[in-house]
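In what follows, a single structure is set out as structure tokens and then discussed.
Reckoned from all heavy atoms, side chains included, excluding hydrogens, waters and symmetry mates.
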Amino acid sequence: MDELEFRENVIDVDTYLKLRASVGWKVLTREQAGMALKGSLYTVGLYIAGQPVGMGRLVGDGAVICYIQDLIVHPNAQGLGVGHMLMERLIAHTEALTQEGTEMMLDLMCAKGREAFYRSHGFLARPTKELGPGMIRYLDKRRSLQEDRTT
């Protein structure tokens with residue numbers, strides 16, 4: 001593989017939006033993307049020959065819980081181990097944040113069909129006997145913005 005370079009905490013809005021688009025994720029506004037990056041505990045990008053091929057983003061409080069919010073690998077780089085390398089960096093960063101004598105939860109929302117990948121990194125699929133299913137709620141203000149533009 002060509003020259004690999006990890007870049008920590010320097011992902012810019014354009015790179016973030018391009019990587020998201022490459023995998024067909026929901027479109028964000030530039031403002032949303034900027035706020036998301038600014039609110040991150042940690043970001044890591046992986047570049048091959050100077051070109052971004054993937055990124056990971058960690059959010060949370062850094063003491064009790066962290067979430068892997070984004071793990072993106074450009075389709076042209078999938079199958080090269082990029083996701084595994086990024087995941088190792090995200091886990092290592094969370095382990096470094098974890099205070100001695102404490103336990104930190106590292107959570108994520110798994111894309112359908114990617115369960116085996118996350119299991120290979122020690123993640124537990126829910127629900128289990130002890131834990132209920134993960135849940136999500138979307139707060140959608142797009143319609144009200146559209147209505148505001150027409151009045």
Side-chain angles (χ1 to χ4, degrees), residues 4 6-47 52-148:
L4 293 177
F6 289 97
R7 298 182 191 171
E8 298 179 322
N9 298 317
V10 295
I11 297 287
D12 61 73
V13 169
D14 289 331
T15 300
Y16 182 43
L17 291 174
K18 285 178 187 175
L19 285 170
R20 287 179 63 89
S22 78
V23 294
W25 285 7
K26 289 182 181 181
V27 175
L28 303 179
T29 66
R30 289 187 65 76
E31 183 179 10
Q32 278 180 300
M35 290 175 69
L37 292 171
K38 184 178 179 183
S40 301
L41 287 175
Y42 174 72
T43 63
V44 59
L46 182 56
Y47 295 72
V53 296
M55 69 160 287
R57 186 166 77 91
L58 194 65
V59 300
D61 59 30
V64 176
I65 192 164
C66 289
Y67 294 90
I68 296 174
Q69 184 55 44
D70 296 314
L71 182 63
I72 307 169
V73 178
H74 192 284
N76 294 342
Q78 291 177 7
L80 302 177
V82 170
H84 289 288
M85 289 185 276
L86 290 168
M87 182 60 75
E88 289 172 7
R89 291 281 176 129
L90 293 167
I91 293 169
H93 186 81
T94 307
E95 287 174 342
L97 291 174
T98 305
Q99 299 172 9
E100 290 300 319
T102 71
E103 178 181 67
M104 174 115 57
M105 286 191 308
L106 178 58
D107 295 340
L108 57 83
M109 296 290 287
C110 177
K112 196 162 187 70
R114 302 286 191 229
E115 296 86 355
F117 171 81
Y118 292 109
R119 279 191 189 105
S120 75
H121 288 278
F123 285 85
L124 176 68
R126 293 178 71 168
T128 67
K129 184 178 177 184
E130 296 84 25
L131 302 170
M135 301 179 82
I136 190 168
R137 178 179 174 184
Y138 289 102
L139 305 175
D140 188 348
K141 291 190 175 182
R142 292 175 296 181
R143 186 172 50 216
S144 63
L145 289 176
Q146 193 65 276
E147 291 169 0
D148 289 345

Contact check, side chains of [X] and [Y], non-hydrogen atoms, under 4.5 Å:
| X | Y | value |
| --- | --- | --- |
| Y138 | K26 | yes |
| L106 | L58 | yes |
| H93 | R89 | no |
| I68 | V59 | no |
| H121 | I91 | yes |
| I72 | R20 | yes |
| M104 | T94 | yes |
| D107 | C66 | no |

Tell me the closest heavy-atom pair linking [X] and [Y], and the distance in Å.
| X | Y | value |
| --- | --- | --- |
| L139 | R137 | CD2-NE, 3.5 Å |
| V13 | A33 | CG1-CB, 3.9 Å |
| V73 | L86 | CG2-CD1, 4.5 Å |
| P75 | S22 | CG-O, 3.2 Å |

- Should the ring pair H84 and F117 be called parallel, tilted or perpendicular, given that the plane angle runs from 0 to 90° and is split at 30 and 60?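 H84 and F117: tilted rings.
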- Item | side-chain contact (heavy atoms from CB on, under 4.5 Å) between F123 and E115, intermediate numbers included | CA-CA 9 Å; F123 285 85; E115 296 86 355; over 6 Å; no
- Query: Of all residues at least two apart in sequence or in a different chain, which pass the salt bridge (Lys or Arg N to Asp or Glu O under 4.0 Å) check with D14?
  - Reply: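 D14: salt bridge (Lys or Arg N to Asp or Glu O under 4.0 Å) contacts with R30.
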- Who pairs with R119 by salt bridge (Lys or Arg N to Asp or Glu O under 4.0 Å), at least two apart in sequence or on another chain?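 Scan of R119 (salt bridge (Lys or Arg N to Asp or Glu O under 4.0 Å), adjacent residues dropped) gives none.
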Would one find more than 12 heavy atoms of other residues, nucleotides or ligands at under 6.0 Å from atom [atom1] of [X]?
| X | atom1 | result |
| --- | --- | --- |
| Y67 | OH | no |
| M109 | CE | yes |
| R126 | CZ | yes |

- Task: Let me see the working for L19 and W25 under side-chain contact (heavy atoms from CB on, under 4.5 Å), right down to the final yes or no.
- Result: CA-CA 9 Å; L19 285 170; W25 285 7; over 6 Å; no
Could you tell me the separation between the [atom1] atom of [X] and the [atom2] atom of [Y], rounded to the nearest 0.5 Å?
| X | Y | atom1 | atom2 | result |
| --- | --- | --- | --- | --- |
| L71 | Y118 | CG | OH | 4.5 Å |
| R7 | D12 | CZ | CG | 9.5 Å |
| T43 | L90 | OG1 | CG | 9.5 Å |
| Y47 | L4 | OH | CG | 13.0 Å |
| E103 | I65 | CD | CD1 | 11.0 Å |
| F6 | M55 | CZ | CE | 13.5 Å |

Exam field: side chain [X] to backbone [Y], donor-acceptor pair closer than 3.5 Å:
| X | Y | result |
| --- | --- | --- |
| S40 | A36 | yes |
| E88 | M85 | no |
| T128 | E130 | yes |

- Message: Apply side-chain contact (heavy atoms from CB on, under 4.5 Å) to residues V23 and Q78 and explain how you reach the verdict.
- Response: CA-CA 10 Å; V23 294; Q78 291 177 7; 4.1 Å; yes
- Query: Are R57 and L37 close enough, and set up right, to give a side-chain contact (heavy atoms from CB on, under 4.5 Å), and what steps lead you there?
  - Reply: CA-CA 8 Å; R57 186 166 77 91; L37 292 171; 4.1 Å; yes
